[in-house]
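Right, one structure below, let's go through it.
Residue numbers begin at 1 in each chain, while the letters A, B, ... track the order of the sequences.
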Amino acid sequence: GDDGDDTADTAPATTAAPETTAAPETTAAPEPAAEAPKMAIIYSAEWNDGSWGEAAFDGGNKLLADGTISDVVMVENVPPGAEAERALRDFAEQGYNPIVAHSFNYGDNVKTVGAEFPDTIFAYAGGFGDVAGNVGDYDQPFYEASYLSGILGAGATDGGNVAGAGGFEIPVCVGMYHAYLAGARELRPETEGSFVAVGDWIDVQLAKEAALSQADAGATMFVGCGQGPTFGQIEAANDIGGVSTGYVGDMAALGESVLSSFVWRLDRVFEQMVADVAAGQTEARYYSVPLANGGMDVLISPGGEAKISQEALDLFDQRLSEIQDGSFAVPFVGEN
Amino acid sequence: MRSVSRRFGETVALDGVDFEARPGEIHALLGANGAGKTTLMRILAGLDRPDTGTVEVFGQRIENFEPGPIRALGVALVQQHFTLVPTLTASENLVLARPEGALLPPGRTAGVRVQKLVEQFGLEVRDGVPASQLSVGERQRLEILRALDADAKILLLDEPTAVLTDVEAERLLGVARALADQGRALVVITHRLAEVEACDRVTVLREGIEAISDGAVDGYTRADLASAMIGTDTSGTITARTSRRTQAAPVCLRVRDVSLGRVSSLSLDVGEGEIVGIAGVDGNGQSELEAALSGRSAAESGEVSISGEPIAPGDPRSRRGQGLAYIPSDRYSWGLIGPMDLADNLELGRVLPIRPNRPARHKAARPSLDHWDVRTAGPHARTSSLSGGNAQKLVLARELDEHPSAVLACYPTRGLDPEAADTVATRLVAAAEAGCAVLWIGAELDELLAVSDRIEVLYDGTLFGPYLPPFDRAAIGLAMAGDAADRARSATGGEAGPP
Amino acid sequence: MDTLFSIATVEAGIRLGLPVALAALGAIINERSGVLNLGLEGMMLSGALGGYIVNDATGSPWIGLLAGLLVGALTGGVFAGLVVTFRTSQVVTGIAFTIVAIAATTYLFQLRWDIGELPPRVERLGMWPLVALTLVCVAGVWFLFRRTTLGLTISAVGESPESADALGYNVVLIRWMATIAGGALAGLGGAVLVNGPLGLFIEEVTAGRGWVALALVVFAGWRPVPAVAGAFLFGLCDAAQLRLQGTATEVPYEVFLALPYVVTLIALVVRARRSHTPAALGDPYVRGAA
Amino acid sequence: MTSSETRQPTSGTTPSPESTWPPKLDGWLDAVARRATAEGILSSILVPVVSALAALLVGGVLIAIDGVNPLSVYHAILQGVFTKSRGFSYTATVATPLVLIGVGYALAYRARVFTIGGEGQYLVGAVAGTAVVTAGGIGDLPRVVLIVIGLGAAIVAGALWGGLAGVLANRFGASIVISTLMLSFIGDSLLQWAVRDGIRDPESYNANSRPITAAALPSFFGQKTHLGFLFALVLVPIAWWLIRRHRWGFRIDALGHNPGTLDANEFSSARVTLSVLVVAGGLAGLAGMVETTGVNIRLGQEASVGYGWDAIIVALIGRLHPVGVLIAGLGMAGLTIGFESAQRQFELPSSLVSLITAFVIIFVVWGDAIAARWKETR
Ligand SMILES: Nc1ncnc2c1ncn2[C@@H]1O[C@H](COP(=O)(O)OP(=O)(O)OP(=O)(O)O)[C@@H](O)[C@H]1O
Ligand SMILES: Nc1ncnc2c1ncn2[C@@H]1O[C@H](COP(=O)(O)OP(=O)(O)OP(=O)(O)O)[C@@H](O)[C@H]1O
Ligand SMILES: [Mg+2]
Ligand SMILES: [Mg+2]
């Protein structure tokens, strides 16, 4: 990896590997133990989003390739509600365990179906420790990465404010924005910021205009949350020569403004669930793999380093190691 | 056209008809309703195709029955119903019919074109307003202008005079003659025998077969033509009543100061047992009068009442409860529901909240159908399968069976053959004699003369009359043409009585 | 607040309005001929994908626009085949058409860029050439209906197909042409969205703009200039809405999402019967059936 | 009285000089409706079935291109519905909103009132019903009472949403297709606002309403199927009876065939139009609440899953007849469930699955048109 040099980690190769389709590797994978768990993942949009969905897709496939699991089944575009429950139930009946519902809107569905299959571990992307019996939750500590991106952003710009955007005003998104702002303020305490809810997760054009409106108000550093809003923020930063941040996935290819991205290492999260299942556990947990434990990689885009001041790079390294050794905790502010 | 035949399902509209139109002549095409006149002209204009037979235009055999190419040969058809685009103005309609290139002419040029045509043919139309806002007569004239504008060599006019006043009709025939004199071939479809006399040749169709084929007009008397049309010797009018009411009867149907659209402040009383005929040319307020009296539309002002009780507009069931029967001018628009069966149609206006099952409904309908001699496959038949006369009888059965106290009969014989028309008239007269107040809005004067106790003429939304028996046919005819209105206008007092 | 009333806001409004304006112009041509086009969103989306793929392949956004136009025309042709020639229900076909287009574009897009490949950014056109293009289109449509025989014919076909037929016009052909033209402009609108300042395609990138365009057409009474003006007005509303979020004004943003539809409903009511709805809109034409 | 306001915009003033017979028809729909009443039950079943099969054939080619054996996919679809333990109950659950809304559409389309507003009415009904049953202080009421007032509120809200289109049409001549389309989008925005703000659960992390557990619909027959399916099953004979034996049904058919005659002889067609929109809206609203309380735990942002659009197709394929709607609704639901199951089994791209389902719709509509034309030319 030319880009993943800053995290003390094992194999960053998965991040941009296109060759992760399920079928060929199932046969090529090292023969798993027959009793290795089978995992199922459902998602409410398409896997192919270069971001949130793809992180789960890659995570599942990585475990399969590692032989940690004997099978993984993944279904996309399952709207929360009745259809999600049908899918969850179907997988539970077929013996898949653990079963991951990869959206924060699946909370009710996993609880409903979870009650019917007490021996199966379910988890959904609630992100706030919503655990009950065999139904777990997993963390999205994006704000930690975002804090570091904020440091880099301030180090690559001469001034200007922070622009945050999400499809709606949800805690994960707002938290990312506040962490970024806090990171930027480490270098430039006078930095201001604004957060905008685009009102839609896919409308890129509207998202871009939202970002441009923030640029008009003086923003130079952009941090998006969700596919549409992130693409919009990146595009706006490209246009005005600001800096932006890739969201859950390496988005360096989307433009020169993308200073850094973070990759969500969901294989680490899934590993915990699989381990619980393999150990015969039926109690789920809050599967939290923070940055410190390698839940995320922060990637500085190729060529990005040259734009960042040395002061910022140093601070970045310092905070990163502090986070990793637990001496520094990024503050989480979930409300605007 | 040689041995042209055309069937529609079971109906044989044309059966081996030969027809010719020659330059410089006006050819009258006669026939009872449904005789096939329109079908013949539609085929000639390329709007329909014959099943067998050939059509030649100027020696060129038509293979492709499409309106475009046939129009290009110089054939223009003025259809029985309007075919103007209602949102376009006169000039735009003309441009649409005969564009002068890809671009529209500027407003002024187009206006000049209309003006020229108006002057050339003496047919007055207004430009600059959408066709939907023109009067019926203007629309008809515009249709004809549009046909002439294409410099048609063969001009087909399907009942052009049906909606015109006599004066207008006469003018139109004058124009037709002038056009023929220019060397064009004209075909005029009409029901008015008088108009045939202004033509050169005549063809009479009866049930899809020529009863008279391409004869010189001079060779036939009106009686000849009439009998060719209907196949019997009766001159086609309704049997006149033998006795008429003379004393004033207690008022049943009362109309007070009703205004709606063209109708302005109209008042009228119809007594029990009395038949009042409303004569007049279509388009003088008949439809508004019908709408207001039937309660289909609310009058803008004024009141209609039956035995002192006002009719509530938009509430046909209570109208029926008050005893007002309504025979609409257009039974297919206002009277019947084609796709429903006969029993259902008989139930209109008196459907119970919960209806009996279908066999019971059919059983209940049978006596009524028998009594009114509705010839049909049975109460389960679709109403759209009825012929015009039987459809009308079905309406009568529904409306008159409940012994109404008043009847609003609008053109009750429209589209019927003489025998059926006579039956309808007899039934209405019988109803009147049983004490029912009948208001008969009609177009054919002879019919009204035959049945009415009193006639009023509706002209431009106002009633002129009353005319009492023995009727002065000429005076009524003049009133219908607006003569009485003119005189009333010139006499400041507005005396509009009978002569 | 000062940022609200700035040139930038206006420009944002224009950018947001451009694709909608073009699609609305397409729908006007289409609907003036009597064909109700509920497939507009799908046609836009198809044009967007076509424009994106071709731009990516050729590196020319102008060729991309042309491709969007052609793909749109193709979808218009398919739609015309169904509703004009086969006389399927325009309502159902339109809705189904949009569903097909969403599914098909997603499918093709994923076929082309498999998982793990980020969709590339393509060459982009600036706002002003597209504004010029849109102005040319609106002028063209205005000219078509005000100054050309063809426009008059299309209106006549939408108003009274039996009259046009009797005059020798080929109703089916004219509706085909109008539907293809409508699809072409809708496709162009989609292509303008992705080849314009955005330069990106993602699944369902049109995000309901086709429905807004349909609403606009009604709002504008099937007239091109008000439709385009309306598109920019709604674009401006969106732009302003995004800028208002920072300030204290607490109008729920759902109000802005619903705004085009609410305003259209109000327009339907206020202008009541003068709404110029083509009389034959939605009716298949069969000679002799009337 | 208010009759001057409710009269038809066209009545009275400009009568046509010639009567037109038969009256102008939407040929395709007429063919559909006619077949429902009399001619050939066979063709009314044969055409959609053959068309659907043709669509599945085309879909099979696409599946094969995707590298999966289409036969095994179709086998999995059948299994998903017929042999999997919950296949039937799932199918019934999905069919419930389709049938409830579809019967409303069928009634409206019989009257030639072309509403396409089911989706909006469904959402508005769900929002109103949820608002009522999750309102403070009401939770202590007995479950039955809660269910009833929740469903009642949903019906009223849906009916108002539908009725609004009727009022706009009657008073202002607004096109019903267009106004109901607009109202559907507005209904979705209303839902978004409601769950984000209006009736949001303050405890919830996400944009959701409070749970409606207290008003949850029981299941019946000990099945996974909720009571709502029973409503749909009961609605079908009621609607059938209304059409056959009730004055209102008679008026609906009369309105569809000839509004002028209805107006002149039986009842104001404007009011029948309004009533049919109100009833269809109420049924869609009911469907929204039934889905919320029968299937879900609360109302969320993603409540709009498109039953209101699918039901249009269900109504048309069901030949505007309640029994037909039931069969078509079950068929469509079965297809959905079967495809879902196959999609999970073969990990098919979701876009491919929606493409094939959309093909089924287009092919059925197309098949109808071809059949109608073929009939015409004979
Ligand atoms: N499109 C059609 N489908 C079925 N039957 C038709 C059609 N057109 C005409 N007919 C039938 O063909 C016969 C001839 O009709 P046509 O319109 O030619 O009569 P007409 O002589 O013009 O009558 P009128 O004086 O009433 O205008 C009638 O029985 C009519 O019902
Ligand atoms: N437009 C039409 N479509 C289908 N069938 C028609 C049409 N017009 C007329 N018919 C059929 O043609 C037959 C003759 O109709 P038409 O009205 O010409 O009868 P008619 O000879 O005038 O009878 P009547 O004397 O009772 O008026 C009827 O059985 C009718 O069903
Ligand atoms: Mg005729
Ligand atoms: Mg007849």
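- In terms of modelled atom types and a separation under 3.5 Å, the side chain of R319(B) and the main chain of A264(D) share a donor-acceptor contact.
- Chain D forms more heavy-atom pairs under 4.5 Å with one residue of E399(B), R350(B), M340(B) than with any other, namely M340(B).
- Taken to the nearest 0.5 Å, the CZ atom of R244(D) stands 4.5 Å off from the CZ atom of R358(B).
- Side-chain atoms of D263(D) never come within 3.5 Å of backbone atoms of R296(B) as a donor-acceptor pair (strictly under, hydrogens ignored).
- Listed here is the closest heavy atom pair of G314(B) and S268(D): O-CB, 4.0 Å.
- Closest non-hydrogen pair, P316(B) versus F267(D), comes out as CG-N, 3.5 Å.
- For chain D, no part of P328(B) is nearby; none of its heavy atoms comes within less than 4.5 Å.
- Contact of L242(D) with chain B is not made at all, since no heavy-atom distance falls under 4.5 Å.
- Counting heavy-atom pairs under 4.5 Å between each of R247(D), H246(D), R251(D) and chain B puts R247(D) at the top.
- With a 4.5 angstrom heavy-atom cutoff, R317(B) touches chain D via backbone and side-chain atoms both.
- Heavy atoms closer than 4.5 Å to chain B are found in the side chain of W241(D), but not in its backbone.
- Nearest heavy atoms, I337(B) versus T261(D): CG1-CG2, 3.6 Å.
- Between N345(B) atom CG and N265(D) atom CG the span is 9.0 Å, to the nearest 0.5 Å.
- For the atom pair NE2 (H257(D)) and CZ (R382(B)), the distance works out to 7.5 Å, reported to the nearest 0.5 Å.
- Atom CG of D315(B) sits about 6.5 Å away from atom CZ of R271(D), to the nearest 0.5 Å.
- Annotation: side chain of L348(B) is in contact with side chain of F250(D) (closest heavy-atom distance under 4.5 Å).
- R245(D) contributes a side-chain N or O that, together with a main-chain N or O of R355(B), makes up a donor-acceptor pair within less than 3.5 Å.
- Within a 6.0 Å sphere centred on CH2 of W240(D), other residues, nucleotides and ligands contribute 12 heavy atoms or fewer.
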